[in-house]
Q: 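Okay, handing you the structure first.
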Protein chains: 2
Amino acid sequence: MKALSRRQQAIYDFIARFLDDNDYPPTIRDIQRELGISSTSVVDYNLKVLEERAMIRRNRNISRGIEVLGRHTSRRNVISIPVIGQIAAGLPIPVPDDLALGDATDMVEIGSDIVGNAPRDLFALRVKGHSMVDALINDGDIVLLHAQETCENGETVAVWLKEQKETTLKRFYLEGDRVRLQPANVTMDPIYTTADNVAIQGKLVSVVRSIV
Amino acid sequence: MKALSRRQQAIYDFIARFLDDNDYPPTIRDIQRELGISSTSVVDYNLKVLEERAMIRRNRNISRGIEVLGRHTSRRNVISIPVIGQIAAGLPIPVPDDLALGDATDMVEIGSDIVGNAPRDLFALRVKGHSMVDALINDGDIVLLHAQETCENGETVAVWLKEQKETTLKRFYLEGDRVRLQPANVTMDPIYTTADNVAIQGKLVSVVRSIV
DNA sequence: ACTTGACACGAACATGTGTTCGTCCCTATA
DNA sequence: TATAGGGACGAACACATGTTCGTGTCAAGT
């Protein structure tokens, strides 16, 4: 396949740049003006070329109907998850009551391929302290949880131990009438307790660490 | 502040939904048609109300110039990073040669607040094996690296040990004429080697773990 | 020289779209 | 009852924007 002409490349780059700045696509005349092209028909012509090469999609007769393919078709696959509080060994997990929109002070954006196919009922907590290093989770990490009060055996869940008044993140196994909470670190011993002492707060979906 | 009327809420919701589906904002007449409103002026009127309440921004005289505030203004803060290969103890890191656009088989989307202020020269590798558990990094994790061949003392970097033919992820300290590579796990001993034996491949920026 | 194809021009043309205006229908309030 | 304000109508109006068409240029083949 022949390479794109300089002008075609410039047009493509401009559209991408424009999209980063504006939230809506450029018009043909925006492109024309920016690149100093003398006629809209020239832009139209080159846009058609770009479309044939599947680099963009055009929606006919719709103003600003240019979509950039290739790069992150974006938005669709990205989920915003509210960081509603902290998780620490000695504190109960804040309940994701009204995780409506925007009322969380902080948000985490992440691709949906990371968090799986459950965009709903997700919330995030910032880890405080080193109580979960055995689960390879560090102080300052952000854990993404799926709000649920039950789970399958073997899943890693955030549980509140009523008696000990303690939050912990462990693999959950129901064994007869007792519960085994298995640390991720295989060299550490599991905790055994009764089923009515544990309150499952959510299932671990993802961990995100940001290095300063 | 008074609540939004049912119609205003519907308009706001529709714009958000439209944006999810189309990559470009709706026109006033799109809104009119969808909600069965008889006149464009009604839409205009309600749009003005929404704008006064800072729920949207309108760009005057620009077609489809509606921007939804509040929710993830999206795109802007999200970065797509190519996963260009694997990182394992015994393998050299694949060089991010042509991390152009889209030629990577896999991409990771993540908010720019997580990866810091360096959107460029970022690449990602999937961790293979348990050689980095001491850095709280598990098998299957994705590490985000900033491509660079030098670093400051104390930064965590991916280095290739030429002599040992081995990749490792450690804190880097240049001490006189030798290099100390300090595992994140404080209970483990550091590695000492000569400066010309280490080739810095990139600086650790973030770690993302996806639980099945 | 002749043809062909990739590109570029410029000028209309036809809609797409935002804006404005006068009017009307309610409900709450004085 | 009179009045004011939120909200809705419908019809223009004006310009923003996509589309089309006839021409021109230039380099590569033939």
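Each chain gets a letter, A, B and so on, in the order the sequences are listed, and its residues count up from 1.
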Q: Can you tell me if A/S63 and B/R64 form a side-chain donor-acceptor pair at under 3.5 Å?
A: yes
Q: Rounded to the Å, how far apart are A/F18 CZ and D/dT17 C1'?
A: 13 Å
Q: Which value, rounded to the nearest 0.5 Å, describes the distance between A/F172 atom CZ and A/T156 atom OG1?
A: 12.0 Å
Q: In chain order, what residues pass the side chain to side chain contact (heavy atoms under 4.5 Å, CB included) check against A/D44, with sequence neighbours excluded?
A: A/I28, A/K48, A/R58
Q: Applying side chain to side chain donor-acceptor pair (under 3.5 Å), can you list everything that pairs with A/S210, at least two apart in sequence or on another chain?
A: none
Q: Which whole-number value in Å describes the distance from A/Q9 CD to C/dA6 C1'?
A: 17 Å
Q: List the residues meeting side chain to side chain contact (heavy atoms under 4.5 Å, CB included) with A/A135, not counting sequence neighbours, and say none if there are none.
A: A/I137, A/A184
Q: Using five base pairs at each end, measure the axis-to-axis angle across the helix from C/dA1-D/dT30 to C/dA30-D/dT1 and round it to 10 degrees.
A: 10°
Q: Do any pairs count as a salt bridge (charged side-chain N to carboxylate O under 4.0 Å, His left out) and have a residue in residues 139-157 of chain A, sequence neighbours left out, and if so which ones?
A: A/D141-A/R209, A/E155-A/K203
Q: Is the shortest heavy-atom distance from the side chain of B/T167 to the side chain of B/Q201 under 4.5 Å?
A: no
Q: To the nearest Å, give me how far apart CG (B/L35) and C1' (D/dG7) are.
A: 15 Å
Q: Considering non-hydrogen atoms only, spot the tightest contact between B/M107 and B/S80 and give its length.
A: CE-CB, 3.7 Å
Q: When you check every protein heavy atom under 4.0 Å of nucleotides 8-22 of chain C, what one-letter string (B, S, -) results, 5' to 3'?
A: SBBB----SBBBBB-
